[in-house]
Amino acid sequence: MACFSGTLVEGKSKLRYELQAKEVMMLTRPVEPIPLEPATSTEAQLNVRLDYRWLDVRNPKVSAVFQFESWLAQKFREYFRMNGFVEIFTPKIVAAGTEGGAEVFPVIYFGREAYLAQSPQFYKQMAVIAGLERVFEIGPVFRAEAHHTVKHLTEFHGLDIEMGFIEGPEDVMDILERFFRYLSKEAEGDESLKVVRQYYDLSLRVPDRVPRITIREAYEVLKERYNKELPYMEDLDPQAEKYLGDYALKEYDSDFIFVTEYPWKVRPFYTMRKEGEPEWTYGFDLLFRGLEIATGSQREHRYERLLINLRDKGMKPDRFQFYLNFFRHGAPPHGGAGLGLERIVKQYLNLENVREARLLPRDPERLVP
RNA sequence: GCCGCGGUAGUACAGCCCGGCAUAGUAUGCGGGCCUGUCAAGCCCGUGACCCGGGUUCAAAUCCCGGCCGCGGCGCCA
């Protein structure tokens, strides 16, 4: 690595300029030839690039991803603070997983069993109940699922929001929708994104009204337009998500679509069930170009109902007593959502793999560098 | 976790199906040279590899088994 100083003059080279060096300072001398050429690093396979990430990211096209990610996180913070949300910082070492399932990483905490937080879910709700009213957090989340896909990481960054005194899940969707509209507008003119724009198309289709369809409507659309039949009351599969992304684009000129009123059986116990139709919920997903980037819902804020929900899920209330306690002294109607930072970046920049949107990705096999 | 495909120089590929006909090929990189205001390009020379462990066979990069790793899909999910 070296530092050159001199005069930049016009030259005959491809770049049209050349530096007439007056001084060359050798900063450090490599101990071996470079294994990955920064200028062409993206021609190598992703796993090789990740092995030599410090070289790969010297490629301006790669570094642009992280400049954009930094910008995006900043805009998230900016937008929600602007709207009265308070940034919170919740523990990542926790006593229980959100659903109490096996998808958490166990850690030994002074001889006791603890886990790496798979979401700030419980604590952001607590913060709302505590009177912070509207909160958000940007923080790491951990998932111990052995996924081998282009959209899963075992460690990623969650963009979480939670808001109190809502009228319904629409309030949460409204603000998410507005956030992406804001993002799109900001991305258009931002000078700091100049380099990023050289490599990536930053235009976003966010119509005045982002489509919202119930999952029951989605079943119909899938069946009629795409000849894709999903079992009733089941979750969308990846192909279905892609179809719905296509549907949103063609029918609404939108990169986004909300799918609402998910079945109770595929949603966590803290989700509020639909009034009069307890088999359905006020839970929704947000699809961005056919990929789930956010999950949200109105939460159940009534203590007795939470107990019923837990029982219906076959879960032991005592394991979640610390969480249930939050609701013992009154809780406002509230709701929120969790978004995946890397997934948003992946979809926004049309990257092929979420790993590209993470400086040092962790997956079931990769632990270094 | 399950299924499919794969693992050959620093990198990207070919060869493997039909085992010996290979001193394992090509491109690029790297080292040197020629050429040339410089760089790049072009040309020449050189450098450097069969994932690991078993098995089959006279003979394995090539066939079989196991492991590890990689890619993708699924389940699941942000």
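Every value quoted in this text rests on a predicted model; they were computed, and no experiment measured them. Residue numbers begin at 1 in each chain, while the letters A, B, ... track the order of the sequences.
Within the 4.0 angstrom heavy-atom criterion, base atoms lie near A:Glu241. Nucleic acid contact for A:Pro238: base, since at least one base atom lies under 4.0 Å from a heavy atom of the residue.
For A:His147 and B:C76, a side-chain-to-base donor-acceptor distance below 3.5 Å is present, hydrogens and geometry of angles not being considered. One can find a donor-acceptor pair under 3.5 Å joining the base of B:C77 and the side-chain atoms of A:Arg343.
A centroid separation of 6.0 Å or more is found between the aromatic rings of A:Phe256 and A:Tyr252.
Between A:Glu188 and A:Lys185 there is no salt bridge, since none of the side-chain N atoms of the basic residue sits less than 4.0 Å from a carboxylate O of the acidic one.
Here the side chain of A:Arg362 pairs a donor or acceptor atom with the backbone of A:Leu367 at under 3.5 angstrom.
Using the Watson-Crick or G-U wobble rule with both distances under 3.5 Å, B:U26 pairs with B:A12. With a cut-off of 3.5 Å on both pairing distances, B:C18 has no Watson-Crick or G-U wobble partner at all. Remark: B:G75 base-pairs with no nucleotide; criterion is Watson-Crick or G-U wobble with both hydrogen-bond distances under 3.5 Å. Remark: B:C35 base-pairs with no nucleotide in the shown strands. Criterion, Watson-Crick or G-U wobble with two distances under 3.5 Å.
Distance check, rounded to the nearest 0.5 Å: CH2 of A:Trp264 to CH2 of A:Trp280 gives 14.0 Å.
Look at CG on A:Asn59: it is 14 Å from C1' on B:U11, rounded to the nearest Å. Distance A:His152 NE2 to B:G1 C1': 13 Å, rounded to the nearest Å.
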